[in-house]
Amino acid sequence: MDSFDIGQAITYLTVIVLACFAGAVDFVNELREKWGQQTMRFILFSLFARLMSAGFAGLLMFWVLQAGADDGIVILSGWSAFSIAISGYLGDQAIKLFVSMWNNLYGRNK
């Protein structure tokens, strides 16, 4: 059994925090622009849902970057951090984009 790798845990935590932060920025922008009188319960649930989709999208982008890396190691700077943050900002739209890319690559169009 492999031992716990603190470096890998910090990397994954950084990826999720970066993506969730970008999702929170998108949420605040949308809250400021579109929502008027909403209940606090609705706002908190929407924030939770946005953070979940942002974190998942950022994690998927990290895995895409990891799969494309020569040695499987992704340094979280520059392009990789930007890609993860944009994926987190897009949230569920990024997930739909990933599904569309998958369908185009593997011929499973509906």
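Note that the coordinates shown come from a computational prediction; the quantities given were computed from them, not determined experimentally.
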Check for me, please, whether [X] and [Y] land in the same ILVMFWY cluster - side-chain distances under 4.5 Å, paths through other members count.
X: F56; Y: V17; answer: no
X: I16; Y: L60; answer: no
X: V15; Y: M52; answer: no
X: L51; Y: F48; answer: no

| task | Heavy atoms only: give me the nearest G58-A19 pair and the separation to one decimal. | result |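 Closest pair (atom of G58, atom of A19, distance): CA-CB, 3.6 Å.
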| Nearest heavy-atom pair of S87 and A94: which atoms, and what distance? |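 Heavy-atom minimum between the residues: O-CB, 3.6 Å.
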Point-to-point distance, once rounded to the nearest 0.5 Å, from [atom1] of [X] to [atom2] of [Y]:
X: F62; Y: S80; atom1: CZ; atom2: OG; answer: 8.5 Å
X: L13; Y: L18; atom1: CG; atom2: CG; answer: 11.0 Å
X: M40; Y: L47; atom1: CE; atom2: CG; answer: 10.5 Å

| said: Given 3.5 Å as the limit, does a donor-acceptor pair link the side chain of S100 with the main chain of K96, or not? | reply: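 Not at all, since once roles are kept as given, no pair shorter than 3.5 Å links the two residues.
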| message | Is it the case that atom CZ in F45 sees more than 12 heavy atoms from other parts of the structure closer than 6.0 Å? | response |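 No - once you tally the heavy atoms of other residues, nucleotides and ligands closer than 6.0 Å, there are 12 at most.
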| task | Kindly check if the number of other-residue, nucleotide or ligand heavy atoms within 6.0 Å of CG (D70) is above 12? | result |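 Not more than 12 within 6.0 Å, no.
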Could you go through residues 20-28 and list every donor-acceptor pair under 3.5 Å that involves a side-chain atom there, pairing it with any protein atom two or more places apart or in another chain?
unit_1, atom_1, unit_2, atom_2, d
D26, OD2, R50, NH1, 2.8

| task | Could you tell me whether the side chain of I84 reaches within less than 4.5 Å of the side chain of T14, counting heavy atoms only? | result |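 In short, these two side chains do not touch, never coming nearer than 4.5 Å.
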